[in-house]
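Letters go in sequence order (proteins before strands), and every chain restarts at 1.
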Amino acid sequence: MSKPEDISRDESRGYHHRAVEREVQQRWMKNGTFVATEVSDKPKFYCLSMFPYPSGQLHMGHVRNYTLGDVIGRFQRLQGKNVLQPMGWDAFGLPAENAAIKHKVPPMKWTRENIAYMKRQLQALGFAYDWSRELATCEPEYYRWEQWFFLQMFRRGLVYKKAAMVNWDPVDQTVLANEQVIDGRGWRSNALVERRELAQWFLKITDYAQELLDCLDGLDGWPEKIKTMQRNWIGRSEGVQVTFPLPAGQVYESAGLTVYTTRPDTLMGTTYLAVAAQHPLALAAAATNSELQRFLEECSQGKVAEADMAKMEKRGMATGLVASHPLSGEAIPVWVANFVLMEYGSGAVMAVPAHDQRDWEFAVKYGLPIKQVIAPTDVSGETCDISEQAYTSKQGICIHSDEFDGLAFQQAFDAVAEALIQRGLGERQVNFRLRDWGVSRQRYWGCPIPIINCGQCGPVPVPDAQLPVELPTQVEFEGVGSPLKKMPEWYQVPCPQCGASAERETDTFDTFMESSWYYTRFPASGATTGMLDARTKYWGQVDHYVGGEEHAILHLLYARFFYKAMRDAGLVEGDEPFHKLLSLGMVLKDGAKMSKSAGDAGDPQHLMDKHGADAVRMAMMFAAPPEQSFEWSERGVESAERWLRTRLWNTVERHLEAGQVVELKTSTLSAAQKDLRRITHETLAKADDDYGRRLTFNTVVAAVMALMNEVNRFDDESPQGRAVVREALCAAVLIMSPITPHITEVLWQKLTGEAIDKARWLAVDVAALTKTSIELVVQVNGKVRSKFQVDMDMPRDEVEALALQDENVQRFIDGKSIRKVIYVPNKLLNIVVSA
RNA sequence: GCGAAAGUGGCGGAAUUGGUAGACGCGCUGGAUUUAGGUUCCAGUACCGCAAGGUGUGAGAGUUCGAGUCUCUCCUUUCGCACCA
């Protein structure tokens, strides 16, 4: 047997990642190995990783994301599935504009160059993508269908324009969606967000709020965490809309003031009403009250982000108006309060200070009455002291509420609602926290909104025949605002309806639009006569979607909404776009998230050059389970390369050098041979489960390492010994192949003479898993005192007798009486003795 | 404040159904090979203890023959939400 060091020093036979990876990647490209077709008798498997923004170069977060996706896709190939794994580019977005301003590079050129570089990196990492389906969202042949579908939604009443208070990012000079505002700051610029009023296009995602909520229950393949976050975001609540009549003759002439409450059981405790500063009633009252006018200005025009309002002191002012209680007729004063949101409900609330903490604080501050109408029951054991804080629990019964006294929450809810309905002053209502999706952005580098604004006809859709509305790529950048607004040659067009001179929308879409439907376009790649085609039906739902947990709400909610809208337009089948979702933790470096927003990007290129793509992929998979965030350490890559070279490659080489291998005869194996064979098949079974069900690839690597340790310990050059080793090596290579596809492709060829593409996952030989003897653990009072080998399925009394003879066991039971003995067959015997 | 998840050696992590805690790897220690460094190979490596043995999964209780795993209280960290009426 040759010594290992001989192999590692032999330049011609040793593992050289560069040569191996280049050769294998060229073979894949030449053979079109990963080009997917719709003609197959295998079950389809659509495996998708969230496409990247082409920022310039890959970072370690990309490497993790795409390796995990690739491992899943390649494992499914081995399982005999017809796998589609496409890749594309989420190519619109702010960094291209920033680069244009900074380096005087046109955004299209900058973006295409980045794509070219990052594509080479992805190819060097050996991902099994069908590159024939590559797409970039900034190309007109992609976004023309986005414009087309937007107009479909427009015709179906899912699109509207309104002047709205928007989150204005003063640094990026753009509008942000609520989801893009984090702690009052822009999600990308981190600038303090201001409030501004602009005319905006909106998509009616709220039409689908209930369905988006309900369908979450059916998404068994999604992490509970993500579903919870979406549920909270949608924020469904059940309540009652109550109208407080307004006596005539006041400055605000209206029959009543409508509020929304989830606690109609506390209606009798209402002591004042509060409206938002933007509420029409407040504006009317302010018209004759300059003090109030100043207060409203402070509330609305103060550059205050919504999220900051939470920390603000509660402030308010009486409007002078008085409403009457819908049931008791009592006079109820109307106040303006800065904590009431115009955007939610009706922009007005009934204040019940005894049972709502905000109302309580406000009432205490302004000396408003506090009337308790709910009392804790004796059973609940709760106490309340209204002078200290509000009693907000629903565990209690009504008091001081006339005919409702004694009712519990749900009874009181129903009874009050019924009383209001009968008087025509209320109705049951379901409310959502979710708001419609504002999709207009005052940016250049995005998909143009296909609308022409005509002075006569209003907003007119661009006719389908004129799509796409192409974004001009020859533009001047001055740094602030959109260049489109300075290009009359582009925006001045005749109205498609009346022919009068009109202007194009110069706003572009939120880039979340592109990523809301790209997964349906890969199957229909290149279709020129429609957004999608029959191939979309073949590939259907994405079977496994892989991406960062930071997209839990934004992207995943929009994509679900789009899919339902596409379904209702007859474009796709099914209700949900993503069957299973793998939500990745982040790759951290010195505590910072490794992604585009965090500066230091952690370019994997030098690691790939030095240690090879397989080593980088393996180190990434071995570091931690997918859902967990972890701090990246480059040391693991060196160690992965060492393992691939010394433990895997050299061991296979050594085995092959020793010559031919005879057929394995499982019936005549020695005990040691059976042991190795058992470990081989245990490893296969574990890898199968970890890859397919648990999605823990770190433990797959660990199991193969343990198997190879066994192979290296196994010293048996007999024909059957070598046959058992051959089987172990084949298993190790095959199991590793989704993670390290290059080296394993070469080794598989060497071991079997066949291409690994033709290989199927090895079947576990159940017979090989059986043991003839096991190590039995003997405990005394739960502490391990002895271990010995016994025959499998040895009867209890024999095991017990053996245990009681054991010297060490005797020491611990000596002089004590045995109270009971627990026997777990083939595992453990616990002798319980008294002191 | 509310909600969710997580706390295991020097480090990353394993322990899947309540049954031997620390798999696998990194690092470290010793040895071999080497002119030397590196590479590679072998051995050791939770803590205390010469040993027998004892202790040990954030802290404390509980259930159990037996708890990293289940229950309760608390602490810490991370993430999400945050005047949503």
Side-chain angles (χ1 to χ4, degrees), chain A residues 3-9 182-183 223-226 228-233 235-237 239 259-263 266 274 306-307 309-312 314 337-341 343-352 356-359 361-362 431-435 549-550 552-553 585-586 588 618-619 622-625 627-633 635-636 638-640 642-643 645-646 650 686 689-690 693-694 696 698-709 712 775-787 808 811 819-824 827-833:
Chain A
K3 288 189 173 177
E5 48 268 38
D6 295 337
I7 296 285
S8 64
R9 287 193 183 162
I182 298 151
D183 283 338
E224 209 51 53
K225 182 183 178 178
I226 306 293
T228 303
M229 283 165 68
Q230 291 216 349
R231 279 190 194 102
N232 290 340
W233 192 264
R236 183 184 193 274
S237 69
V259 303
Y260 172 74
T261 180
T262 55
R263 294 296 302 272
T266 66
E306 242 178 75
M309 288 171 60
K311 291 161 197 136
M312 262 170 44
K314 286 177 181 48
N338 66 346
F339 67 85
V340 180
L341 305 172
E343 295 84 359
Y344 186 77
S346 59
V349 299
M350 60 176 229
V352 186
D356 181 286
Q357 191 59 25
R358 290 158 303 177
D359 298 346
E361 286 170 25
F362 193 85
N431 247 338
F432 294 93
R433 212 187 73 112
L434 183 72
R435 322 265 170 87
E549 66 185 356
E550 65 271 25
I553 299 172
M586 285 184 280
L588 308 167
M618 179 175 164
F622 188 46
E627 305 208 338
Q628 190 175 313
S629 294
F630 72 100
E631 192 130 333
W632 171 246
S633 155
R635 195 164 256 155
E638 196 183 324
S639 130
R642 177 165 57 236
W643 186 85
R645 186 178 68 249
T646 66
N650 289 351
K686 178 175 175 52
D689 191 41
D690 287 356
R693 181 181 64 89
R694 295 213 305 157
T696 53
N698 55 328
T699 53
V700 173
V701 175
V704 176
M705 285 175 165
L707 172 62
M708 291 307 293
N709 290 346
N712 283 310
E775 185 183 57
L776 190 95
V777 172
V778 182
Q779 299 180 330
V780 178
N781 284 353
K783 289 190 199 295
V784 179
R785 296 304 178 189
S786 183
K787 299 172 188 179
N808 204 42
R811 274 181 44 203
R819 285 172 45 209
K820 80 164 129 167
V821 177
I822 310 288
Y823 181 50
V824 183
K827 205 163 225 169
L828 159 150
L829 188 79
N830 186 13
I831 302 167
V832 185
V833 297

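Taking atom P on both nucleotides, B/rA82 is separated from B/rC47 by 47 Å, rounded to a whole Å. Atom name P, nucleotides B/rG38 and B/rU76: the rounded distance is 46 Å, in whole Å. B/rU34 and B/rU39 have their C1' atoms separated by 10 Å, with the value rounded to a whole Å. A distance of about 30 Å separates the C1' atoms of B/rU78 and B/rC28, rounded to the whole Å. A gap of 31 Å separates the C1' atoms of B/rC79 and B/rG62, to the nearest Å. Distance noted for atom C1' between B/rG44 and B/rC26: 16 Å (whole Å). Taking atom C1' in both B/rG68 and B/rG18, the straight-line distance is 11 Å, to the nearest Å. Taking atom C1' on both nucleotides, B/rU63 is separated from B/rC70 by 8 Å, rounded to a whole Å.
Toward the 5' end of RNA chain B, the nearer of the two residues A/S346 and A/G782, judged by each one's closest nucleotide, is A/G782.
One finds no side-chain N or O of A/R645 lying less than 4.0 angstrom from the OP1 or OP2 phosphate oxygen of B/rU39. Taking side-chain N and O atoms only, A/N232 has no distance below 4.0 Å to OP1 or OP2 of B/rA82. The phosphate of B/rA82 (OP1 or OP2) has a side-chain N or O of A/R433 nearer than 4.0 angstrom. For B/rG80, the OP1/OP2 oxygens have no side-chain nitrogen or oxygen of A/R231 closer than 4.0 Å. Using a 4.0 Å cut-off, some side-chain N or O of A/Y344 falls inside it from OP1 or OP2 of B/rA85.
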Quick one: what's the B/S/- string for nucleotides 5-15 of chain B, heavy-atom cutoff under 4.0 Å, read 5' to 3'?
-> -------BSSS
Going 5' to 3' along nucleotides 46-58 of chain B, which nucleotides have protein heavy atoms under 4.0 Å from the base (write B), which only from the sugar-phosphate (write S), and which from neither (write -)?
-> ------SSSS---
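Scored by the side chain to side chain contact (heavy atoms under 4.5 Å, CB included) test, A/R236 finds A/Q210, A/L213, A/E238, A/V430, A/F432 as partners (sequence neighbours excluded). Shown here are the salt bridge (charged side-chain N to carboxylate O under 4.0 Å, His left out) partners of A/R635, two or more places apart in sequence or in another chain: there are none. For A/R358, the salt bridge (charged side-chain N to carboxylate O under 4.0 Å, His left out) partners are A/D356, not counting sequence neighbours.
Among the heavy atoms of the strands, none lies under 4.0 Å from A/E549. The residue A/V832 sits close only to the backbone: its heavy atoms come under 4.0 Å of sugar-phosphate atoms, none of a base. Residue contacts for A/D689: at a heavy-atom cut-off of 4.0 Å it reaches a base atom on one of the strands shown. No engagement by A/S633 is indicated, since no non-hydrogen atom pair under 4.0 Å with the nucleic acid exists. In this structure, A/R642 reaches the sugar-phosphate backbone alone: every heavy-atom distance under 4.0 Å involves primed, P, OP1 or OP2 atoms, never a base.
For A/R435 against B/rC84, a side-chain N or O and a base N or O form a donor-acceptor pair under 3.5 Å.
In plain terms, the two heavy atoms of A/L588 and A/S629 that are nearest each other are CD1-CB, 4.3 Å.
The side chain of A/N709 has B/rC24 as its nearest neighbour among B/rA85, B/rG66, B/rC24. Distance from the side chain of A/V340 is smallest for B/rA85 among the nucleotides B/rG80, B/rA85, B/rC65. Comparing B/rG3, B/rC26, B/rC65 by their closest approach to the side chain of A/T228 singles out B/rG3. Checked against B/rA85, B/rC24, B/rC41, the side chain of A/A706 finds its nearest nucleotide in B/rC24. Taking every side-chain heavy atom of A/D690 into account, B/rU16 is the closest of B/rA85, B/rU16, B/rC83.
In summary, A/K225 and A/E549 engage in a salt bridge, as defined by a charged side-chain N under 4.0 Å from a carboxylate O.
Stem regions annotated for RNA chain B: B:1-7 with B:75-81, B:10-12 with B:24-26, B:27-32 with B:40-45, B:46-48 with B:53-55, B:58-62 with B:70-74, counting only runs of 3 or more consecutive pairs of Watson-Crick or G-U type with both contacts under 3.5 Å.
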